[in-house]
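Written out below as structure tokens is the structure these notes cover.
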Amino acid sequence: MENGTHEFDLQKLESDPEHISKTKLYKIMKDQILRVLRGKKGEKEVNIIFFLPYPLAFDSKKSFIPQYTLDFLDVIYEKLKEEIFLGKRKIYVIYPSFEINTFVLRNMCEKKREYITHDKLAKYFTFEIIDSIETMKND
């Protein structure tokens with residue numbers, strides 16, 4: 001997934017709304033959801049949880065910015081809803097916020113964010129913020 005982070009380009013998304021369905025994260029999420037949906041018939045509907053090792057949205061419990069910005073997880077979720085009938089299932093995404101040892105639990109269905117502070121989770125989530133586009137192009 002790390003190699004797919006460069007795919008999230010707001011300008012590209014604005015000029016080509018279908019761009020989101022071509023991204024690696026969208027394809028991974030769709031494949032995993034379809035895999036769950038193909039499970040044994042008659043099973044109780046289960047919620048689906050995705051763990052992302054790095055933030056895709058600017059999230060901090062101290063910031064008001066997330067409530068006013070469109071982010072790629074919202075766009076991905078809306079596209080998934082168009083293509084897949086989820087029934088009563090809820091989709092959750094957990095990823096690190098920009099605060100040390102604080103993680104975001106997003107209920108994508110209700111567009112709600114909860115912030116969890118826990119020092120034991122840090123070993124499962126690692127990321128590095130790249131400070132320039134040139135650095136990313138050289139990788």
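Values below: every heavy atom of this structure, side chains too, minus hydrogens, waters and symmetry copies. Index from 1, following the sequence.
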### Task
Give the C-alpha distance, both sets of side-chain angles, the deciding distance and a yes or no for side chain to side chain contact (heavy atoms under 4.5 Å, CB included) between Ile94 and Leu52.
CA-CA 6 Å; Ile94 299 173; Leu52 303 180; over 6 Å; no
### Task
Apply side chain to side chain contact (heavy atoms under 4.5 Å, CB included) to Met108 and Ile76, showing your working.
CA-CA 10 Å; Met108 299 307 297; Ile76 287 172; over 6 Å; no
### Query
Taking atom CD1 of Ile28 and atom CD1 of Ile33, what is their separation to the nearest 0.5 Å?
12.0 Å
### Query
Who passes side chain to side chain contact (heavy atoms under 4.5 Å, CB included) against Lys81, sequence neighbours left out?
Tyr77, Glu78, Leu86
### Query
Between Leu73 and Arg106, does a side chain to side chain contact (heavy atoms under 4.5 Å, CB included) hold up when you go through it step by step?
CA-CA 9 Å; Leu73 288 174; Arg106 294 229 346 228; 3.6 Å; yes
### Query
Does Leu80 reach the side chain of Ile91, with side-chain heavy atoms less than 4.5 Å apart?
no
### Message
Could you measure the distance from the CD1 atom of Ile48 to the SG atom of Cys109? Nearest 0.5 Å is fine.
### Response
9.0 Å
### Task
Would you confirm whether Asn107, through its side chain, and Tyr92, through its main-chain N or O, come within 3.5 Å as a donor-acceptor pair?
no
### Message
Are the side chains of Phe50 and Met29 in contact, using a 4.5 Å heavy-atom criterion?
### Response
yes
#### Entry: Note, Phe72 side chain near Leu25 side chain (heavy atom, < 4.5 Å)
no
### Message
Distance alone, cut at 3.5 Å: any donor-acceptor contact between the side chains of Thr117 and Thr102?
### Response
yes
### Task
Could you pull out the closest heavy-atom pair between Ile20 and Tyr26, with the gap in Å?
O-CB, 3.1 Å
#### Entry: From CG (Leu105) to OG (Ser97), nearest 0.5 Å
12.5 Å
### Query
Between Pro53 and Pro96, what is the shortest heavy-atom contact and its length?
O-CG, 3.7 Å
### Query
With sequence neighbours left out, what residues match Glu83 under salt bridge (charged side-chain N to carboxylate O under 4.0 Å, His left out)?
Lys30, Lys79
### Message
Please check: side-chain N/O of Arg89 versus main-chain N/O of Val46, any donor-acceptor pairing under 3.5 Å?
### Response
yes
